[in-house]
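Nothing here was measured: the structure is a model prediction, and the numbers come from that model.
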Amino acid sequence: MPDTASPAPNVHMRYDFAEAEPRWQRAWAERNCFRVADVPGDGRPKYYVLEMFPYPSGKIHMGHVRNYTLGDVLARYKRACGFSVLHPMGWDAFGLPAENAARERGIHPARWTYDNIAAMRAELRRMGLSLDWEREFATCDIAYYGQQQKLFLALLEAGLAYRKESFVNWDPVDGTVLANEQVIDGRGWRSGAPVEKRRLAQWFFRITEFAPELLAALDGLERWPERVRTMQAKWIGRSEGARLSFPLLTPADGIDGIEVYTTRPDTLFGMSFLALAPEHPLAAAVATRDPGAERFIAECRRLGTSEAAIEAAEKQGYDTGLSVAHPFLKDEKFPVWIANFVLTEYGTGAVFGCPAHDQRDLEFARKYGLPVRPVVLPPDESAADFSVGCTAWVGPGTMIHSDFLDGLDPESAKHRVVAELERIGAGRGEVNWRLRDWGVSRQRYWGCPIPVIHCATCGVVPVPERDLPVRLPEDVRFDRPGNPLADHPTWKHVRCPACGGAAERETDTLDTFVDSAWYFSRFCSPRAADPLDRSAVGHWMPVDQYIGGIEHAILHLLYARFFTRAMQRTGFIGVAEPFAGLFTQGMVTHESYRLADGRWLYPEEIERQVDGSVVERASGAPVIIGRIEAMSKSRRNTVDPGAIIARYGADTARWFILSDNPPERDMEWTEAGVAGAHRFLQRVQRLADSIAAAPTGANVPILFSRPAQALRHRTHQTILAVTAALEDFAFNSAVARLYELAGAIGDAEREEGEGLAVARREAIEILVRLAAPMVPHLAEELYARLHPGTTSLVAELPWPEADPALAASDSVTIAVQVGGKLRGTIVMPPDSPEPEVVAAAAAEPNVARLLAGRRVVRRIHVPNRIVNFVVAG
RNA sequence: GCGGGCGUGGCGGAAUUGGCAGACGCGCCGGACUCAAAAUCCGGUUCUGGCAACAGAGUGUCGGUUCGACCCCGACCGCCCGCACCA
């Protein structure tokens with residue numbers, strides 16, 4: 001039997017993370033370390049740190065681990081710095097996968113969702129995140145979506161929500177409508193199915209009303225990545241131009257003119273044709289009596305605009321036979337075409353074609369033999385021989401063949417022609433936006449019911465306050481396609497609140513992006529009887545630091561910005577912008593592995609041979625190492641955080657994920673990296689235990705020996721460096737500084753001198769406390785071992801402060817250059833006078849050798865950094 | 001096509017923003033301990049020449065500004081991301 005006697009003080013106690021981590025998690029919970037009030041009265045400055053809340057798929061993935069670790073480091077650090085920190089967690093719980101589970105496995109969406117939440121909550125708790133769990137909610141809680149219905153009605157009343165019939169993006173696989181933002185490369189963002197166009201009555205949020213301020217306010221979001229701001233700006237898409245109308249020479253079908261939007265009114269005299277979108281009302285009217293037009297329009301619809309963008313760069317058109325007059329060229333008439341490249345949603349759904357100065361118009365004109373008339377003469381060209389070949393001229397120049405515009409530059413010509421159009425009443429200057437109103441109707445069960453009632457006599461009637469919330473029925477069937485709410489035998493049949501007659505509930509539910517467009521403000525007062533408590537959101541909002549994936553750069557972040565403004569206008573909140581700071585983390589990647597037959601293997605199914613090759617563990621078959629790419633189930637290059645935490649502990653997972661590289665970049669998850677992180681944490685633990693066991697003597701020594709001083713200097717410099725790194729989100733640099741300090745403590749173990757024991761105890765304690773935001777459990781454990789009997793928790797301690805005297809260096813190393821090349825270094829007291837530094841530099845042996853016999857023409861001295869002798873020749 | 005970002009050892013990356021390029025980690029090489037291995041500890045590790053001191057080259061390429069450039073300017077090459085018939 002091994003010796004089982006109690007360990008001697010200098011024998012290292014093993015740190016059992018599996019026992020210790022849950023123990024410290026309980027300790028934090030018992031002391032309510034992370035709880036804050038809705039409206040705190042303690043006068044501490046507030047800091048709201050939020051990570052994008054997860055969809056409850058059932059298991060956390062490494063992306064979650066990275067996201068929540070980053071946020072947790074920040075939350076713990078800010079708390080130590082004296083902030084009162086709001087750090088909540090919840091669940092983005094409505095959505096399609098729950099309905100798919102219901103269809104495929106017969107589980108009720110609610111059951112599936114809440115089971116998943118329970119499983120994921122346990123995994124998140126195991127990570128030791130400093131969350132205020134009392135604020136937790138799921139968006140599928142009636143307490144949440146019921147409040148959301150109140151917000152919807154407020155928006156409806158304010159005219160920010162409305163219903164209209166329109167062409168919508170229809171996802172034939174998911175059987176629902178998608179917002180423009182949810183169509184990616186012509187396909188549904190979830191299903192990947194090609195999107196079709198359908199005409200349906202839908203609910204919309206009037207996000208376009210805020211387009212100017214959503215764009216303008218981007219400039220003020222200084223703590224947002226430039227990338228995200230430019231993406232949003234492009235998405236909102238402001239353009240300046242003119243709207244003008246072209247009268248039809250022979251009014252047809254009750255339409256006597258066509259409105260056109262253009263950003264190039266200066267090229268109006270270069271007009272060659274007018275083109276309508278296939279969905280334009282006049283095109284539809286023509287189609288009723290022209291089978292050719294009807295066929296053409298049907299063909300365009302079949303392809304769909306987005307699909308056509310991919311397939312057919314080819315322009316196609318159909319001549320309606322109609323013509324329009326020109327506002328200035330009175331003797332001329334221009335043909336009206338239907339063209340597949342004209343978008344119905346942008347501008348007026350009709351354009352005038354100026355082939356000489358627009359590439360699309362040029363391609364169209366060449367194909368159908370339409371005239372090409374240049375009106376902008378490029379610099380260095382002569383009007384006599386300038387002609388347009390197969391490339392339109394879109395650059396600067398001088399206006400020609402343009403009557404009263406001749407001689408102007410295009411920019412001045414724009415203003416001039418707009419003024420003229422306004423004078424004769426044919427058009428006006430107009431700003432246009434790419435942003436469309438946000439379609440929020442979804443023909444789905446597992447979402448927030450839209451709280452309105454359709455009455456044959458009264459129209460759309462809001463559900464009265466007393467009848468809220470509109471609760472989802474629980475007894476629904478998923479054995480038929482389509483919306484189970486519409487299919488429900490009784491749920492939708494109600495009395496009209498206005499006239500008392502028979503009426504029907506709206507059966508559409510809200511896009512789940514609505515749920516995530518305001519959850520951050522609900523976290524301020526999650527149990528309030530109203531959607532938001534004014535004083536709570538007044539205290540906590542905006543979110544000081546929001547952290548999440550770049551994939552939400554447009555959709556979620558733009559919707560949240562809009563919805564906050566809408567809530568501001570309807571009086572629920574006092575701020576316009578929800579997120580003062582935004583940090584977008586990189587993805588977690590991993591090598592991928594596949595067998596010769598193409599089958600992908602999970603990392604745990606492979607084995608690395610001594611020669612570096614890889615085989616399948618079960619069969620010994622050779623494995624091809626694939627690309628390092630984002631973890632995905634289809635490539636099986638995922639690593640389960642639960643398994644990592646079980647094997648190495650939460651602290652190791654956190655430490656590795658922080659140490660590998662800067663958090664905004666993609667990181668590669670490697671087995672070697674995790675093992676290395678784990679080794680380091682064990683080393684810190686051994687250091688702490690040996691120091692805890694060593695006597696320090698009764699008193700602090702009066703005199704510290706040279707090595708003791710050096711260690712203290714390093715310790716206090718580390719405080720400064722780690723603090724700066726954390727402020728900068730440079731967690732990998734913070735980690736590097738802590739490695740250095742651990743190395744210095746280890747080195748000091750081999751030294752001797754007065755005060756070393758005290759210096760080492762100070763160093764390890766500082767190390768533990770600086771590492772605490774990153775590895776909170778180990779920090780608590782080691783702090784407790786260093787202070788037997790303490791009742792303090794590191795989670796409650798203030799952030800260490802550097803002693804300026806100790807942090808200051810008593811010497812600096814100055815580089816010495818000769819002719820700009822490094823030739824040696826000298827060590828001097830800081831801020832030494834220039835003559836002394838230069839003299840010492842010149843005396844440095846190698847420098848002196850190289851200066852011998854050469855004329856120094858100039859001496860550059862940068863204090864504490866460099867001396868450069870510029871020599872002649 | 002338009003917009004944004006990025007190019008530094010075998011790898012991830014650092015460099016106080018114009019002042020010692022390669023911190024720190026991974027990997028690799030060598031050593032100590034061990035019967036041996038693991039673990040741990042110590043040392044080395046940009047390239048070339050040299051026992052060394054040291055010298056030369058070096059931050060995608062070419063050029064420029066500067067006493068001095070990974071950093072600033074110009075041109076180009078490559079990679080990543082976003083948008084894309086937006087009139």
**OP:** Measure from the side chain of V862(A), starting at C-beta and using heavy atoms only, and say which of G27(B), G19(B), C83(B) lies closest.
**Re:** G19(B)
**OP:** Check whether any side-chain N or O of W337(A) sits under 3.5 Å from a backbone N or O of A339(A) as a donor-acceptor pair, and report yes or no.
**Re:** no
Subject >> Short side-chain to backbone donor-acceptor contact, N864(A) and P830(A), under 3.5 Å >> reply: no
Original post:
Can you check the E591(A) CD to C26(B) P distance for me, whole Å?
Top reply: 18 Å
Subject >> Sidechain-backbone polar pair: T715(A) side chain, L711(A) backbone, donor-acceptor under 3.5 Å >> reply: yes
Subject >> Whole-Å C1' distance, C6(B) and C20(B) >> reply: 26 Å
Subject >> Watson-Crick and G-U pairing of RNA chain B, under 3.5 Å, as dot-bracket with | and [ ] >> reply: (((((((..(((......[....)))((((((.......))))))((((....))))..(((((..]....))))))))))))....
**OP:** Looking at every strand, decide which applies to R859(A) at a 4.0 Å heavy-atom threshold: base, sugar-phosphate, or nothing.
**Re:** nothing
Original post:
Syn or anti for G31(B), taking syn as within 90° of 0?
Top reply: anti
Subject >> G56(B) to G3(B) separation - P atoms, rounded to the nearest Å >> reply: 44 Å
Subject >> Side chain T670(A), main chain G673(A), donor-acceptor under 3.5 Å >> reply: yes
**OP:** Ignoring backbone atoms, establish whether R858(A) has a side-chain N or O less than 4.0 Å from OP1 or OP2 of C67(B).
**Re:** yes
Original post:
Hey, is the side chain of R434(A) poking within less than 4.0 Å of OP1 or OP2 on C83(B), counting only N and O atoms?
Top reply: no
**OP:** Look at all strands and tell whether Y739(A) reaches a base, only sugar-phosphate, or nothing, counting heavy atoms closer than 4.0 Å.
**Re:** sugar-phosphate
Original post:
Looking only at atom types and distance, does a side-chain atom of Q359(A) sit under 3.5 Å from a main-chain N or O of C390(A), one as donor and one as acceptor?
Top reply: yes
Subject >> Flag, side chain of N868(A) to backbone of G820(A), donor-acceptor distance under 3.5 Å >> reply: yes
Subject >> R679(A) vs C26(B): side-chain N/O to OP1/OP2 distance below 4.0 Å >> reply: yes
**OP:** Answer yes or no: does a side-chain N or O of R227(A) lie under 4.0 Å from OP1 or OP2 of G3(B)?
**Re:** no
**OP:** Classify the nucleic acid contact of R229(A) as base, sugar-phosphate or nothing, counting any heavy atom under 4.0 Å across all strands shown.
**Re:** nothing
Original post:
Are the side chain of N340(A) and the backbone N or O of K315(A) linked by a donor-acceptor pair below 3.5 Å?
Top reply: no
**OP:** Give one of base, sugar-phosphate or nothing for V870(A), where a contact means two heavy atoms less than 4.0 Å apart.
**Re:** sugar-phosphate
Original post:
Is it true that R436(A) and E345(A) have a side-chain N and a carboxylate O under 4.0 angstrom from each other?
Top reply: no
**OP:** Specify the residues of residues 655-665 of chain A, ordered by number, for which at least one heavy atom lies under 4.0 angstrom from an atom of RNA chain B.
**Re:** D660(A), N661(A), P662(A), R665(A)
**OP:** Ignoring backbone atoms, test whether R683(A) places a side-chain nitrogen or oxygen under 4.0 Å from the OP1 or OP2 oxygen of C41(B).
**Re:** yes
**OP:** Establish, with yes or no, whether the OP1 or OP2 oxygen of A14(B) is under 4.0 angstrom from a side-chain nitrogen or oxygen of N732(A).
**Re:** yes
Original post:
For U66(B), is chi within 90° of 0 (syn) or not (anti)?
Top reply: anti
Original post:
How is E740(A) classified with respect to the nucleic acid when contacts are heavy atoms under 4.0 Å: base, sugar-phosphate, or nothing?
Top reply: sugar-phosphate
Original post:
Taking 4.0 angstrom as the limit, do E222(A) and R229(A) come out as a salt bridge?
Top reply: no
Original post:
Given the side-chain rings of F17(A) and Y15(A), with only the six-membered ring counted for Trp, is the space between their centroids under 6.0 Å?
Top reply: no
Subject >> C1' spacing across the pair A15(B) / U46(B), given as an integer number of angstrom >> reply: 16 Å
Subject >> B/S/- contact track for nucleotides 45-56 of chain B, protein heavy atom under 4.0 Å >> reply: ---------SSS
Original post:
With distance as the sole test, does D651(A) use its side chain to make a donor-acceptor pair with the main-chain N or O of L778(A) at under 3.5 Å?
Top reply: yes
**OP:** Provide the distance between the two C1' atoms, one in G74(B) and one in U65(B), to the nearest whole Å.
**Re:** 11 Å
Original post:
How many angstroms lie between CZ in R654(A) and CD1 in I644(A), if you round to the nearest 0.5 Å?
Top reply: 15.5 Å
Original post:
Hey, does the side chain of N846(A) reach the backbone of G824(A) with a donor-acceptor pair shorter than 3.5 angstrom?
Top reply: no
Original post:
Checking all strands, does T670(A) fall into the base, sugar-phosphate, or nothing category for heavy-atom contacts under 4.0 angstrom?
Top reply: nothing
